[in-house]
Amino acid sequence: MSDAYWDAFFRLHRDLPREGPGLPEDVYWAAEVADIGPDARICDAACGPGADIPALKAAVPDGQIFALDKVAQFVEQARAAHGKIPGVEIAEGDMSTIAGPYDLIWCAGAIYFLGVTEALTRWRKALAPGGAVAFSQVCWFTDNPSDAARAGWADYADMTDEAGVLARIDAAGYQCLATQRLSDAAWEVYYGSMDERIKALAPGDSDEMQQVLEEGLAEAALWRKEREAFGYLLCVVRPK
């Protein structure tokens, strides 16, 4: 993609509260399953604009949150929104190189950048004894997705089903403590804010901007039509 395309992409995503589906309840559920204490150390890997930081801190009121993202714009946004919360540190960095030790590594919707097995293998050394990883990964919820659903995810050749995600967890030498699917409400929180942003920017003032707006509309429409076929699986896992 051209620089003009990415400039348009970040104009669309600038100031969105989230970069993917999710709710605070997802964080609380994962923290409970991982059985972390109130003073735990958590890494928010690929934190985006930091939407999950308040919930992570609420889960560990006496603990520390270390949030990082490779995209400078997201880091700036996260710092502006959440950088003054006591016990929170937000930095620009690569989630593939986190060092720890952490009691929980939280990764919302971004583990696919590394791959489930690859990320878990890398992160093992960053976990404190008894530590866990909680991540959400898009996958198929049906054996027979429609042509439209397959076309919408054609760029993600490694997309698998729930059993495939569990197999990748096992291949990394982890046990899965629990899974749950992200709710429709978690998706609507994301797409609702994107809908409003698209309305504010439409019509696009360049070919690239128009392309980005159309892609955003198509992405949301696909999920709303095909939500039974795919979604995010939230997994809490621990090394065996």
Side-chain angles (χ1 to χ4, degrees), residues 18-34 42-49 51-52 55-56 67-71 74 94-96 98 102 104-124 126-127 131-145 149-191 219-220 222-223 226-240:
R18 303 194 61 88
E19 276 300 296
L23 291 170
E25 289 80 2
D26 302 323
V27 173
Y28 303 145
W29 175 84
E32 182 177 359
V33 171
I42 298 178
C43 177
D44 187 354
C47 66
D52 292 324
L56 290 168
L68 76 159
D69 201 282
K70 289 178 67 174
V71 179
F74 292 153
D94 189 334
M95 68 177 179
S96 69
I98 57 178
Y102 298 112
L104 178 68
I105 297 174
W106 168 264
C107 185
I111 200 169
Y112 77 94
F113 284 115
L114 299 178
V116 171
T117 301
E118 294 79 5
L120 294 179
T121 301
R122 286 175 180 265
W123 292 344
R124 178 185 288 265
L127 289 173
V133 179
F135 68 90
S136 53
Q137 169 73 348
V138 69
C139 66
W140 297 116
F141 292 154
T142 176
D143 294 332
N144 299 295
R150 288 190 181 279
W153 288 97
D155 290 339
Y156 187 26
D158 290 337
M159 188 162 165
T160 184
D161 57 11
E162 293 183 72
V165 175
L166 294 176
R168 291 171 182 177
I169 291 168
D170 184 69
Y174 283 66
Q175 61 177 320
C176 185
L177 304 180
T179 66
Q180 71 172 12
R181 298 180 182 184
L182 293 196
S183 66
D184 286 359
W187 284 81
E188 287 294 355
V189 164
Y190 173 53
Y191 284 131
E219 179 185 325
L222 178 68
W223 175 76
E226 303 284 348
R227 67 181 68 187
E228 299 299 324
F230 67 87
Y232 275 98
L233 187 69
L234 179 56
C235 306
V236 183
V237 304
R238 179 172 287 137
K240 294 179 180 178

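Please read these numbers as outputs of a predicted model, since none were measured by experiment. We number each residue from 1, following the sequence as shown.
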Measuring from atom CZ of R227 to atom CZ of F141, what distance do you get when rounded to the nearest 0.5 angstrom? 12.5 Å

Does E32 CD have over 12 foreign heavy atoms under 6.0 Å away? no

Looking at every non-hydrogen atom in both residues, tell me the closest pair between T160 and V165 and how far apart they are. CG2-N, 3.6 Å

Close side-chain approach of D161 to C139, heavy-atom, < 4.5 Å: no

Minimal heavy-atom distance between C176 and V237, with the atoms involved, is CA-CG1, 4.0 Å

Return all side-chain donor-acceptor pairs below 3.5 angstrom for residues 22-31, not counting sequence neighbours, or 'none' if the list is empty.
unit_1, atom_1, unit_2, atom_2, d
D26, OD2, L23, N, 2.8

Does Y190 have any ring-ring contact (aromatic ring centres under 6.0 Å, His included) partners at least two apart in sequence or in another chain, and if so, which? none

So do the side chains of C43 and L68 get within less than 4.5 Å of each other, counting heavy atoms only? yes

Can you sort out the partners of E162 under side chain to side chain donor-acceptor pair (under 3.5 Å), two or more places apart, ordered by chain and number? R181

Rounded to the nearest 0.5 Å, what separates atom CG in D69 from atom CG in D94? 9.5 Å

Checking F74 against E19 for the side-chain contact (heavy atoms from CB on, under 4.5 Å) test, could you report, in this order, the C-alpha distance in whole Å, the side-chain angles of both residues, the deciding distance, and whether it holds? CA-CA 9 Å; F74 292 153; E19 276 300 296; 3.5 Å; yes

Do any N or O atoms from the side chain of R18 and from the backbone of G48 form a donor-acceptor pair under 3.5 angstrom? no

Give the minimum heavy-atom separation between R122 and S96, together with the two atoms involved. NH1-O, 3.6 Å

Residues forming a ring-ring contact (aromatic ring centres under 6.0 Å, His included) with F135, sequence neighbours excluded: none

What I'd like to find out is whether the side chain of F113 reaches to under 4.5 Å of the side chain of K70, using heavy atoms alone. no

Got P145 and E226 here, is their nearest side-chain heavy-atom distance under 4.5 Å? no

Contact summary for T117 and A172, nearest pair of heavy atoms: O-CB, 3.8 Å

Output, in order, the C-alpha distance, side-chain angles, deciding distance and verdict of side-chain contact (heavy atoms from CB on, under 4.5 Å) for L166 and T179. CA-CA 10 Å; L166 294 176; T179 66; 4.2 Å; yes

Would you mind telling me which of W223, W187, Y112 makes a ring-ring contact (aromatic ring centres under 6.0 Å, His included) with Y232? W187

Distance-minimising heavy-atom pair for R124 and P239: NH1-CB, 3.3 Å

Taken to the nearest 0.5 Å, the spacing of W123 CH2 from I105 CD1 works out to 6.0 Å

So which pairs with a foot in residues 136-145 pass side chain to side chain donor-acceptor pair (under 3.5 Å), sequence neighbours left out? Q137-Y156

Just how far is it from atom CD of E118 to atom OG1 of T121, taken to the nearest 0.5 Å? 7.0 Å

Do M95 and I111 pass the side-chain contact (heavy atoms from CB on, under 4.5 Å) test, and can you show the C-alpha distance, the side-chain angles, and the key distance before you say yes or no? CA-CA 9 Å; M95 68 177 179; I111 200 169; 5.6 Å; no

V133 vs Y102 side-chain heavy atoms within contact, under 4.5 Å: no

Shortest non-hydrogen contact between A108 and D52, atoms and distance: CB-OD2, 3.6 Å

Does Y174 have any ring-ring contact (aromatic ring centres under 6.0 Å, His included) partners at least two apart in sequence or in another chain, and if so, which? none

Sidechain-backbone polar pair: R238 side chain, L177 backbone, donor-acceptor under 3.5 Å: no

